[in-house]
Amino acid sequence: MLVVAGLVFLGAVAMLALGWLRRDKPGLPWLGESERANTTLVVAFGIAIPIVILVALFVVSDLVLMKETDAPRAGETAMGMTVVGHQWWWEVRYGDSDAVTANEIHIPARTPIDLVARSADVIHSFWVPELNRKIDMIPGQANSIELYADEPGVYRGQCAEFCGLQHAHMAFRVYAEPPARFREWLANMERPAREPASAEARRGRRLFMENACASCHTIAGTEARGSIGPDLTHVASRQTLAADTIENTPRNLFRWIRNPQSIKPGDKMPGLGLGAARFQAIAAYLSELR
């Protein structure tokens, strides 16, 4: 489509240049200098050629390529997953598995994935440019698409539909891994949270459960069963925080839970005002959840 659009643009520029050069001589030498010649030019370049080009592009893109990139038919896919768009993060569920992650999607390379896209609030749009076209996430509706990576690698995705204040900071990463490594990763994601090893982490777990954190987030194996924010069962295994806004480091994790509005204004995660020492303890607990 870019090549065709480029040729059409160059053709338009050429016609403009020719018109300027022959501004005092209507028509073209091979058509004659008459009103009929001008009409022929308008019909050919203004109507006929655009119609042919647009129809050809429609056939190729909508009738051929769109079908090739739709969700796999039954029996053609090795697994399915559901991605739910929230303001402003991504919830990821892996078929019948108990694994639930956020903002980072892991898939086996060279394996067709049937991805079902949903929304929890407003219209979002799921888009991984290197893997497939965009697909809308519409409240009350499920749309499907194939997610397929030819080679292992990391592919950046982005919400492509304006969905509120932090739309620009609603990104994610797709990690395509060899199938054996993916199965190992998925098996770890299905396990409940590990017990905290240090005294500070144990104190952080207690603080997490006693405050609003446990009302908004889930940590499998604990009493934290919130559904407003991302699942944190294995949050320390992720490379980023706040939907790919900042890198997942101990310092950034502390900054994020202490004052999320300073990093992502308008985010629905409130500041709890617990004091630096308590936030540090909570950060120590979350840093052990791998």
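Just so it is clear, the model here is predicted, and its values are computed rather than measured. All values below were derived from every heavy atom in this structure, side-chain atoms included, with hydrogens, water molecules and symmetry-related copies excluded.
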For a quick test of reading the model, state the closest non-hydrogen atom pair linking [X] to [Y] and the distance between them.
X	Y	value
R203	R278	NH2-CG, 3.8 Å
S119	V84	C-CG1, 4.1 Å
S97	L186	OG-CD1, 3.9 Å

Counting only heavy atoms not in E184, do more than 12 fall under 6.0 Å of its CD?
no
Below 4.5 Å, heavy atoms only, C-beta onward: do [X] and [Y] meet side chain to side chain?
X	Y	answer
L232	R238	yes
I228	M269	no
W127	R133	no
Q239	Y175	yes
K268	C216	no

F172 and ring-ring contact (aromatic ring centres under 6.0 Å, His included): which single residue from Y155, F126, W89 fits?
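The ring-ring contact (aromatic ring centres under 6.0 Å, His included) with F172 is passed solely by F126 among Y155, F126, W89.
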Does F182 have its ring centroid less than 6.0 Å away from the ring centroid of H106?
no
Calculate, to the nearest 0.5 Å, the distance between atoms OH and CD belonging to Y285 and E195 respectively.
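It comes to 8.0 Å.
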What distance do L115 atom CG and L147 atom CG have between them, rounded to the nearest 0.5 Å?
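L115 atom CG to L147 atom CG measures 5.5 Å (nearest 0.5 Å).
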Taking only Lys NZ, Arg NE, NH1 and NH2, and the carboxylate oxygens of Asp or Glu, determine whether R173 and E247 approach each other closer than 4.0 Å.
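Between E247 and R173 there is a salt bridge, with a charged N closer than 4.0 Å to a carboxylate O.
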I'd like to know if R156 pairs up with E130 as an ion pair, taking the criterion as any Lys NZ or Arg NE/NH1/NH2 lying under 4.0 Å from an Asp or Glu carboxylate oxygen.
no
Please enumerate all residues that pass salt bridge (Lys or Arg N to Asp or Glu O under 4.0 Å) together with D267, with sequence neighbours excluded.
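Residues passing salt bridge (Lys or Arg N to Asp or Glu O under 4.0 Å) with D267: none at all.
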Test log, rule side-chain contact (heavy atoms from CB on, under 4.5 Å), inputs C159 and M137
CA-CA 10 Å; C159 179; M137 312 171 90; over 6 Å; no
